[in-house]
K.L.:
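My structure is below; once you've seen it, I'll send some questions.
Order of the sequence lines fixes the chain letters, A, B, ..., with proteins taken first and strands second; residue numbering starts at 1 for each chain.
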Number of protein chains: 2
Amino acid sequence: MKNIFEIVSTVPLFDGLSDDQLNEIKKIALSKRFNKGETIFSEGDPGNGFYVVAEGLVKIYKVSSEGKEQILHIFGIGEPFGEVPVFTGQPFPANAEAIAGSHLLFFPRADFVDLITGNPALSLSMLAVLSMRLRQFTVQIENLSLKEVPGRLASYLLYLADEQGKEDSVTLDISKSQLASLLGTIPETLSRIFAKMTDMKLIEVSGRKIKLVDRSGLMHVGEHGKSGE
Amino acid sequence: MKNIFEIVSTVPLFDGLSDDQLNEIKKIALSKRFNKGETIFSEGDPGNGFYVVAEGLVKIYKVSSEGKEQILHIFGIGEPFGEVPVFTGQPFPANAEAIAGSHLLFFPRADFVDLITGNPALSLSMLAVLSMRLRQFTVQIENLSLKEVPGRLASYLLYLADEQGKEDSVTLDISKSQLASLLGTIPETLSRIFAKMTDMKLIEVSGRKIKLVDRSGLMHVGEHGKSGE
DNA sequence: TCTTTTTCTTGACATAAGTCAAGGCAAAGA
DNA sequence: TCTTTGCCTTGACTTATGTCAAGAAAAAGA
């Protein structure tokens with residue numbers, strides 16, 4: 001079993017640090033393991049540090065009083081999460097759960113703040129990470145508030161295709177129920193929209209594989225005319 | 001006319017800096033003035049620096065292809081905005097407009113990055129600002145996705161009461177149309193909900209003054225039972 | 001392989017909230 | 001003060017999406 005601290009040198013957040021500095025990072029990191037479905041932290045918990053995914057997949061989400069879930073992020077290998085309380089001193093604003101068996105690196109707050117204080121490159125890197133995340137939230141709010149579900153799905157599929165470097169076919173890395181939660185809807189609605197978009201010959205769905213039949217059609221879903229009908 | 005650079009020493013972002021450091025800050029700041037309704041920057045513009053409100057009120061917003069507007073933030077005196085591009089190098093993800101005549105301080109990117117590089121207190125302060133903003137977005141996404149409009153309005157009124165330090169009465173600092181946009185809805189819907197909540201004796205509305213008649217009722221709007229009916 | 005459990009899909013229905021349109025009110029300017 | 005302009009309110013209607021329920025398909029386990 002290989003040393004999971006090796007991941008540190010490949011994490012974008014730690015890019016541009018010297019070997020010495022990377023060793024400092026590794027020194028303060030703790031390894032933690034979570035099974036699929038296990039809670040990593042809950043909203044309201046004190047944030048004593050943040051995490052980096054060494055292996056696995058983690059969802060960050062909120063739950064309404066009626067039990068509906070909204071996923072805020074899904075983080076994979078190399079991505080940090082749970083940093084907000086490190087810098088605000090307040091508790092976690094959302095929940096985190098492993099959606100696959102996961103190895104995580106945990107960075108205790110005080111140690112990390114010490115490190116960042118003497119390390120401008122690291123602090124600029126962290127500022128960039130938080131800024132990118134703000135940008136993503138901006139997009140998510142725009143999607144939730146200004147687009148209907150078909151438009152959100154189309155955007156997500158195009159984003160995935162880009163992410164996966166594939167032109168015309170993507171593979172969902174999460175279940176369709178989870179995708180519904182990420183898009184701010186429920187499985188029934190998502191299912192109907194998959195069916196509708198298939199009818200319209202925009203996509204072809206088989207399990208978690210989705211073929212993008214008409215990319216330019218997808219790009220205009222939800223504009224003036226119909227998104228489906 | 002007083003020196004608007006005086007504001008620098010009262011901005012939370014610059015808390016804990018020495019007088020020398022505050023002078024450095026003042027040295028790189030530029031004063032800009034915007035009239036009510038004037039655009040400060042637009043989505044897609046390159047971000048050559050960020051702003052701090054010295055006087056006035058600024059809205060950050062997105063617009064859909066159909067023309068619907070979603071306000072992301074409203075910033076008042078002492079609050080910084082437009083920092084994301086400073087640290088990501090990407091263009092602005094949203095638009096900014098003065099909703100009242102405003103004096104702003106502008107901090108050019110390169111100068112500010114130099115400053116932050118040699119100044120751990122400033123960088124931690126900026127990390128705290130971005131983290132707080134992430135937390136706010138978390139709440140906004142939760143509201144948009146997990147609450148109906150009455151629940152969002154109730155939350156906003158309670159938040160405002162807290163903000164204004166008043167127990168049972170608040171004054172809107174923005175128009176009701178703008179409030180609708182902030183809550184992710186349209187003026188017609190907001191107007192109906194104000195009427196409904198008045199009927200239910202939760203609030204009393206007269207112009208921009210709103211009396212919170214039943215705080216505990218407000219807190220439970222949108223839970224199990226009715227939010228209005 | 002067969003069974004059990006979860007996830008997904010589809011139908012019938014309810015409802016929150018958007019659209020369109022008209023009128024009333026209030027703030028800004030003459 | 002009067003007038004003009006934009007903001008707010010209300011009504012009638014449409015529609016996207018949620019709820020409830022049942023069955024089908026797929027995944028996990030025996």
K.L.:
If the sugar-phosphate is the primed atoms plus P, OP1 and OP2 and the base is the rest, what is the B/S/- string for nucleotides 18-30 of chain C, using protein heavy atoms under 4.0 Å?
P.N.:
SBB----------

K.L.:
What's the CD1-P distance between Ile210(B) and dC8(D), to the nearest Å?
P.N.:
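Going from CD1 in Ile210(B) over to P in dC8(D) covers 11 Å.
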
K.L.:
Sequence neighbours left out, what passes side chain to side chain donor-acceptor pair (under 3.5 Å) with Tyr159(A)? Give chain and number order.
P.N.:
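Side chain to side chain donor-acceptor pair (under 3.5 Å) list for Tyr159(A), sorted by chain: Glu163(A).
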
K.L.:
Of all residues at least two apart in sequence or in a different chain, which pass the side-chain contact (heavy atoms from CB on, under 4.5 Å) check with Asp162(A)?
P.N.:
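Counting only residues at least two positions away or on another chain, Asp162(A) forms no side-chain contact (heavy atoms from CB on, under 4.5 Å).
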
K.L.:
Quick one: salt bridge (Lys or Arg N to Asp or Glu O under 4.0 Å) pairs with a partner in residues 69-78 of chain B, sequence neighbours left out?
P.N.:
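For residues 69-78 of chain B, and leaving out neighbouring residues, the salt bridge (Lys or Arg N to Asp or Glu O under 4.0 Å) pairs sorted by first residue read Lys59(B)-Glu69(B).
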
K.L.:
Who passes salt bridge (charged side-chain N to carboxylate O under 4.0 Å, His left out) against Lys147(B), sequence neighbours left out?
P.N.:
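Partners of Lys147(B) by the salt bridge (charged side-chain N to carboxylate O under 4.0 Å, His left out) criterion come out as none, since no residue qualifies.
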
K.L.:
Rounding to a whole Å, what distance do you find between Glu148(B):CD and dA16(D):C1'?
P.N.:
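From Glu148(B) CD to dA16(D) C1': 14 Å.
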
K.L.:
What bend angle does the helix from dT1(C)-dA30(D) to dA30(C)-dT1(D) show across its length, from five-pair end axes and to the nearest 10 degrees?
P.N.:
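Angle reported: 60°, given to the nearest ten degrees.
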
K.L.:
Taking Ser181(B) for the side chain and Ile71(B) for the main chain, is one N or O donor matched with an acceptor at less than 3.5 Å?
P.N.:
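Checked: pair present.
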
K.L.:
May I have the distance from Leu190(A) (atom CG) to dG18(D) (atom P), rounded to whole angstrom?
P.N.:
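Between P of dG18(D) and CG of Leu190(A): 10 Å.
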
K.L.:
Under the rule for salt bridge (charged side-chain N to carboxylate O under 4.0 Å, His left out), what residues qualify as partners of Lys62(A), not counting sequence neighbours?
P.N.:
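In terms of salt bridge (charged side-chain N to carboxylate O under 4.0 Å, His left out), with neighbours along the sequence ignored, Lys62(A) is linked to Glu43(A), Glu142(B).
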
K.L.:
Which residues within residues 169-181 of chain B lie with some heavy atom under 4.0 Å of an atom in DNA chain C?
P.N.:
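Here the set is empty: none.
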
K.L.:
Using residues 75-89 of chain B as the side-chain source, report each donor-acceptor pair under 3.5 Å to any protein atom, sequence neighbours left out, with the distance given to one decimal.
P.N.:
from     : atom 1 : to        : atom 2 : distance (Å)
Glu79(B) : OE1    : Gly76(B)  : N      : 2.8
Glu83(B) : OE1    : Arg133(B) : NH1    : 3.2
Glu83(B) : OE2    : Arg133(B) : NH1    : 2.2
Thr88(B) : OG1    : Val84(B)  : O      : 3.2
Thr88(B) : OG1    : Gln90(B)  : N      : 3.1

K.L.:
Once side-chain contact (heavy atoms from CB on, under 4.5 Å) is applied, do any residues pair with Thr39(A), and if so which ones, sequence neighbours excluded?
P.N.:
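Thr39(A) satisfies side-chain contact (heavy atoms from CB on, under 4.5 Å) with Ser42(A) once adjacent residues are dropped.
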
K.L.:
Quick one: side-chain contact (heavy atoms from CB on, under 4.5 Å) partners of Pro108(A), sequence neighbours excluded?
P.N.:
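Pro108(A) satisfies side-chain contact (heavy atoms from CB on, under 4.5 Å) with Leu30(A), Phe106(A), Asp111(A) only.
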
K.L.:
Nearest-Å distance, CD (Gln70(A)) to P (dG18(D))?
P.N.:
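It is 11 Å, rounded to the nearest whole Å.
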
K.L.:
What is the separation between atom CZ on Arg208(B) and atom C1' on dT9(D), rounded to the nearest whole Å?
P.N.:
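Going from Arg208(B) (CZ) to dT9(D) (C1'), I get 16 Å.
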
K.L.:
Checking Val205(B) now: which residues fulfil side-chain contact (heavy atoms from CB on, under 4.5 Å) with it, not counting sequence neighbours?
P.N.:
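Counting only residues at least two positions away or on another chain, Val205(B) forms a side-chain contact (heavy atoms from CB on, under 4.5 Å) with Lys176(B), Phe194(B), Thr198(B), Ile203(B), Ile210(B).
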
K.L.:
Would you say that Leu182(A) contacts Gln178(A) through its side chain, given a criterion of any heavy-atom pair below 4.5 Å between the two side chains?
P.N.:
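The answer is no; the side chains never approach within 4.5 Å.
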
K.L.:
Would you kindly give the NZ-to-P distance between Lys147(A) and dA16(D), to the nearest whole Å?
P.N.:
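Rounded to the whole Å, the gap is 17 Å.
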
K.L.:
Starting at CZ of Phe194(A) and ending at P of dT17(D), how long is that distance when rounded to a whole Å?
P.N.:
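Atom-to-atom, Phe194(A) to dT17(D), this comes out as 15 Å.
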
K.L.:
In whole angstrom, give the distance that lies between atom CG of Asn143(A) and atom P of dT17(D).
P.N.:
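Taking atom P of dT17(D) as the reference, CG of Asn143(A) is at 13 Å.
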
